[in-house]
Amino acid sequence: MSAGPADQIFALVDVNNMYVSCERAFNPKLRGRPVVVLSNNDGCAVARSNEVKALGVKMGAPWFEMKDLVRQHGIIGLSSNYTLYGDMSNRIMTILRTYSPNVEVYSIDESFLNLAGMSSLWESPSAMGQDIRAKILQWTTLPVCVGIGSSKTLAKLANHVGKKVPLFDGVCDFTTMSAARERWLLERIAVGEVWGVGRRIGAALEGMGITTVQALKDTEPRDMRARFGVVMERTCNELRGLSCLALEEIAPPRQEIVSSRSFGELVTSVDELAEAVTLYVARAGEKLRGQHSVCGAIHIFIQTNPFRRQDEQYSNGVSIPFAEPTADNRELTGAALRGLRRIYRPGFRYKKAGVMLMDLSPDKGGQGTLFESGRPRGESQKFMAVFDALNKRYGKDTLQLASAGTSNRWAMRAGNRTPKYTTSWQELPTVRAK
DNA sequence: TCTGGGGTCCTAGGACCC
DNA sequence: TCTGGGGTCCTAGGACCC
């Protein structure tokens, strides 16, 4: 068989109880003790040690509801320290890059590796997995599990098995496993464990009698598409070992940037809300400029505490477009505060506020996508002026003039990226200014 | 000038992920 | 008394354009 999707090998490396493990790395006294890491304002659990999971504490459980368990079992609650977790995450990603040049950092505690072509370096994929585990433990003290499969979905599933079944010692490889053994395992995993099957779809599948991963794998992907859509069809194909999701090594720039927080104490005045909103805009704006984008609109929202049934509830949001896309903090803040004044109502006790930067596009610094588009007639002069300026800046090799679709719209791009809404590009052989 | 079909672009809502 | 903060993709429908 020729090299193709069917011959892919992916590994998923994932840190066990990431935030708790990071805290334990710097405070060994926490080892073996029941530990939870808490969200902002110490509101609810965002990470749990195995000891806490064994007590039945769910992800997202409010800290105050654990009071009894805290007393009985001495659960230790820690405020989260995202700077620390980010730093530890970077160390792990650096180690992983010594195993494969093709790494996708999927989240703060998970990475996919493409192992295609690496097999000659190792006795087996599992041997490599065990080496990864040992090295990360030795260099960072963080425990990880490794799942290996011929699609990302199978690698995720293998990771789950490696974590749950002690026999595997933290590393599970579906690619070298006998079909019978794989089937035996998949028949014993609930369908909801599959990547892409959440609460709603999981319930719908169970209603159809599809309760295990194996049962989902045995369905006809086409039928699943008819019932649930193309995402589900892809998931089924991935379960069958047909890789549909490519490794994404380069993180694309964000399409929206959110900054929001719950308040520790309820807020009533517009001034306090304005102070919070100003801070959120500054944070979001930093991210925006960090990815060299500008935003075309900003959204502001505020809400009361829905858990306080005795309070009258109010929530509202408003989106404010900019005449010209911007990343300027003064403009962003000005618009946000104007929006806040429009939605603020006195007399409510507010719990949360946030801003969202939307309609993001690259600034002239160039993420390598659509810069400018228009029609050949009428707008060509403006168009050519922009083209000339960008051409001077980036050079002919990276900047192309193209026509999109059949509507004779013209667009420019730098690099290889295709604008969001353009389905077909035909590159024009020559560029003539009028 | 006429018309239909192909295409773009936007929005809201729903589902999922960590 | 106390309940997180981010993100993504897909779909359907409609306005508008040539």
Side-chain angles (χ1 to χ4, degrees), chain A residues 12 14-15 17-19 36-47 58-67 70 77 79-80 82 85 89 105-111 152-153 156 192-205 225 227-235 245 248 251-266 280 283-284 287 296-297 299 301 303-311 317 319 321 349 351-360 370 373-378 403-411 419-424:
Chain A
L12 177 69
D14 150 315
V15 183
N17 316 326
M18 169 84 175
Y19 299 169
V36 291
V37 173
L38 301 167
S39 64
N40 179 40
N41 300 321
D42 295 342
C44 56
V46 292
K58 299 280 181 237
M59 181 70 170
W63 176 234
F64 72 88
E65 281 182 4
M66 286 175 234
K67 243 178 5 192
V70 171
S79 299
S80 41
Y82 290 100
Y85 312 147
S89 179
V105 179
Y106 179 68
S107 75
I108 194 163
D109 70 337
E110 280 177 66
S111 279
K152 286 167 120 181
T153 302
K156 277 276 243 187
E193 296 293 340
V194 174
W195 194 32
V197 176
R199 235 186 36 234
R200 301 297 283 265
I201 290 177
L205 287 172
R225 177 184 187 142
R227 174 74 175 75
F228 296 101
V230 295
V231 179
M232 194 63 198
E233 181 188 36
R234 212 152 47 202
T235 296
L245 301 169
E248 288 168 31
R254 295 270 166 255
Q255 297 179 24
E256 58 183 43
I257 296 170
V258 176
S259 177
S260 74
R261 287 287 181 284
S262 297
F263 305 129
E265 290 176 9
L266 297 175
Y280 303 158
R283 263 201 298 250
K287 284 193 197 172
H299 184 84
F301 59 92
Q303 69 177 52
T304 53
N305 187 347
F307 293 101
R308 286 179 62 93
R309 292 288 186 72
Q310 68 273 33
D311 284 3
S319 299
R349 297 149 67 84
K351 176 63 178 172
K352 185 174 180 178
V355 302
M356 187 190 306
L357 306 183
M358 307 183 303
D359 190 18
L360 308 192
L370 185 66
S373 69
R375 300 196 190 90
R377 278 187 299 275
S403 71
T406 59
S407 62
N408 281 332
R409 276 172 218 271
W410 291 25
K420 194 172 169 191
Y421 292 109
T422 300
T423 51
S424 57

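Reminder, nothing fancy here: chain letters follow the sequence lines and each chain counts from 1. Values below: every heavy atom of this structure, side chains too, minus hydrogens, waters and symmetry copies.
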Quick tally for nucleotides 12-18 of chain B: nucleotides whose base has a protein heavy atom under 4.0 Å get B, sugar-phosphate-only ones S, the rest -, giving ---SSSS
Pairs under 3.5 Å (Watson-Crick or G-U), crossing ones as [ ], inter-strand ones as |: DNA chain B comes out as ....||||||||||||||
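- Proximity note for A:V258 (side chain, C-beta onward) versus C:dG7, C:dT1, C:dT3: the nearest is C:dG7.
- Not one side-chain nitrogen or oxygen of A:S259 sits closer than 4.0 Å to the OP1 or OP2 atom of C:dG5.
- Between A:G264 and A:K351, the shortest heavy-atom contact is O-NZ, 4.3 Å.
- In this structure, the side chain of A:S80 does not engage the main chain of A:V37 through any donor-acceptor pair within 3.5 Å.
- Between the CZ atom of A:F64 and the P atom of C:dT3 there is a distance of 7 Å, given to the nearest Å.
- Partners of A:W195 by ring pair (Phe, Tyr, Trp, His ring centres under 6.0 Å), not counting sequence neighbours, listed by chain and number: A:Y106, A:F112.
- In the region residues 351-360 of chain A, proximity to DNA chain C at under 4.0 angstrom, judged on heavy atoms, holds for A:K351, A:K352.
- Comparing C:dT1, C:dG7, C:dG4 against the side chain of A:S262 picks out C:dG4 as the nearest.
- Applying the side chain to side chain donor-acceptor pair (under 3.5 Å) test to A:T153 and every residue at least two apart in sequence or in another chain returns A:E238.
- Position along DNA chain C of the nearest nucleotide to A:Q310 versus A:S260 favours A:Q310 as the more 5'-ward residue.
- Every side chain to side chain contact (heavy atoms under 4.5 Å, CB included) that A:V70 has, sequence neighbours left out, goes to A:W63, A:M66, A:I75.
- Counting to the nearest Å, the P atom of C:dC2 and the CD atom of A:E265 are 10 Å from each other.
- The residue A:D42 sits apart from the nucleic acid: no heavy atom pair falls under 4.0 Å.
- The residue A:L38 sits apart from the nucleic acid: no heavy atom pair falls under 4.0 Å.
- Here A:S80 lies out of heavy-atom contact (under 4.0 Å) with every strand.
- Of the two residues near DNA chain C, A:Y82 and A:K287, the one whose nearest nucleotide lies more 5' is A:Y82.
- Taking each heavy atom of A:S89 and A:I108 in turn, the nearest pair found is OG-O, 2.7 Å.
- Annotation: side chain of A:L360 is not in contact with side chain of A:P253 (no heavy-atom distance under 4.5 Å).
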Provide a list of protein-nucleic acid N or O atom pairs under 3.5 angstrom, restricted to nucleotides 9-11 of chain C.
{"residue": "C:dC9", "atom": "OP2", "partner": "A:Q255", "partner atom": "NE2", "Å": "3.0"}

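- The separation of C:dT3 from B:dC16, taken at their P atoms, amounts to 26 Å, rounded to a whole angstrom.
- By the side chain to side chain donor-acceptor pair (under 3.5 Å) test, A:R349 is found to be paired with A:D311, residues two or more places apart in sequence or in another chain being considered.
- Annotation: side chain of A:S79 is not in contact with side chain of A:L38 (no heavy-atom distance under 4.5 Å).
- Atom pair A:R349:CZ and C:dT3:P shows a separation of 12 Å (rounding to whole Å applied).
- Protein atom NE2 of A:H299 is 15 Å distant from nucleotide atom C1' of C:dG7, rounded to whole Å.
- Considering only side-chain N and O atoms, A:N40 lies under 4.0 angstrom from the phosphate OP1 or OP2 of C:dG5.
- Judged as a salt bridge (Lys or Arg N to Asp or Glu O under 4.0 Å), and not counting sequence neighbours, the contacts of A:R225 are A:E233.
- Picking from C:dT8, C:dT3, C:dT1 the nucleotide with the shortest atom distance to the side chain of A:R254 gives C:dT8.
- Under the ring pair (Phe, Tyr, Trp, His ring centres under 6.0 Å) criterion, A:Y85 pairs with A:Y19, A:Y82, not counting sequence neighbours.
- Distances shorter than 4.0 Å separate some side-chain N or O of A:R308 from OP1 or OP2 on C:dC2.
- Rounded to whole Å, the P atom of C:dC18 lies 15 Å from the corresponding atom of B:dT1.
- The shortest distance between the side-chain N/O atoms of A:N305 and the OP1/OP2 oxygens of C:dT3 is below 4.0 Å.
- By the salt bridge (Lys or Arg N to Asp or Glu O under 4.0 Å) test, A:D42 is found to be paired with no residue, residues two or more places apart in sequence or in another chain being considered.
- Remark: side-chain polar atoms of A:S260 are not paired, donor with acceptor, to backbone N or O of A:A353 under 3.5 angstrom.
- Using modelled atom types, no side-chain atom of A:N305 and backbone atom of A:L266 make a donor-acceptor pair closer than 3.5 Å.
- A:K352 meets the salt bridge (Lys or Arg N to Asp or Glu O under 4.0 Å) test with no other residue; sequence neighbours excluded.
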